[in-house]
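Just so it is clear, the model here is predicted, and its values are computed rather than measured. Residues: numbered from 1 along the sequence shown.
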Amino acid sequence: MSSLLIQFIEDLAGQKLSLTPADGQRLGLVLVDLVTACFSSLLESDPCLRSSSRRQAFASRIRADIQSRLHDPELTPRSVAAAHHISVSYLHRLFQEQGETVSAWIRDQRLGRVRRDLADAALIDVPINQIAASWGFRRAGDFSRAFRTAYGESPREFRSRTARRSN
């Protein structure tokens, strides 16, 4: 994991002059995910850690994996559990220890990414449903309801308000 992180940072440094601010924001999120995964991997391999610390490190690694796959509409608790060779019930227990559910966490992460993209002036011409689909939302109606519930306004209202603010 650490060699992957090092390679990413080296590649990023080589591209710094050709990156736009929007690229930097997106790549910053990837960097945070890689750092999290790297630390989780290191913590998980330490034999001196308590069982609860190992579970937390494992849960962090799972969260980093989920974040890297948010675009996949097939991302479900079942697919996450299978990817980590654990049962779905154990996956749910890991998330319950943090007071949340796997599905809700995935949905909240996706909503956050869509919200960020809707506020991105570089993506103003990309249709809302296309942005939502790029983050794994299959049905526009389900996405719109979830967005309104989470943020108190429709995706269109949010985009319009943030576009006015940036002008």
Do you know the tightest heavy-atom contact between [X] and [Y]?
X: E153; Y: F147; result: O-CD2, 3.2 Å
X: L94; Y: F58; result: CD1-CD2, 3.7 Å
X: V102; Y: P77; result: CG1-CG, 3.9 Å
X: L111; Y: A150; result: CD1-CB, 3.8 Å
X: S154; Y: R148; result: CB-NH2, 3.3 Å
X: L70; Y: R110; result: O-NE, 2.9 Å

Is there a continuous path of hydrophobic side-chain contacts, each under 4.5 Å between heavy atoms, that joins [X] to [Y]?
X: W135; Y: I124; value: no
X: Y90; Y: W105; value: yes
X: I128; Y: Y151; value: yes
X: V35; Y: V30; value: yes
X: V126; Y: F143; value: yes

How far does [atom1] of [X] sit from [atom2] of [Y], to the nearest 0.5 angstrom?
X: L75; Y: I66; atom1: CG; atom2: CD1; value: 6.0 Å
X: I106; Y: Q67; atom1: CD1; atom2: CD; value: 10.5 Å
X: D108; Y: R115; atom1: CG; atom2: CZ; value: 12.0 Å

Original post:
Is the closest side-chain donor-acceptor distance between S87 and S89 under 3.5 Å?
Top reply: yes
Original post:
For G141, does its backbone N or O pair with a side-chain atom of S144 as donor and acceptor, under 3.5 Å?
Top reply: no
Original post:
Under 3.5 Å, is there a donor-acceptor pair between the side chain of S160 and the main chain of R156?
Top reply: no
**OP:** For R139, enumerate each residue passing the side chain to side chain donor-acceptor pair (under 3.5 Å) test, keeping only those at least two apart in sequence or located in another chain.
**Re:** D142
Subject >> Face-on cation placement of R63 at F95 ring, 6.0 Å and 45° thresholds >> reply: yes
**OP:** Run the numbers on H71 and R113 for side-chain contact (heavy atoms from CB on, under 4.5 Å), then give the verdict.
**Re:** CA-CA 10 Å; H71 64 279; R113 300 293 171 91; over 6 Å; no
**OP:** Assess whether side-chain contact (heavy atoms from CB on, under 4.5 Å) is satisfied between I131 and F137, documenting all intermediate values.
**Re:** CA-CA 9 Å; I131 291 173; F137 287 101; over 6 Å; no
Original post:
side chain to side chain contact (heavy atoms under 4.5 Å, CB included) with P127: which of L123, D125, N129?
Top reply: N129
Subject >> Residue list, salt bridge (charged side-chain N to carboxylate O under 4.0 Å, His left out) with D65, at least two apart or on another chain >> reply: R69
**OP:** Compare all side-chain heavy atoms of P155 with those of L118 and state whether any distance is below 4.5 angstrom.
**Re:** yes
**OP:** Indicate yes or no: at least one non-hydrogen side-chain atom of L91 is less than 4.5 angstrom from one of H84.
**Re:** no
Original post:
Between R138 and E74, is there a salt bridge with N-O shorter than 4.0 Å?
Top reply: yes
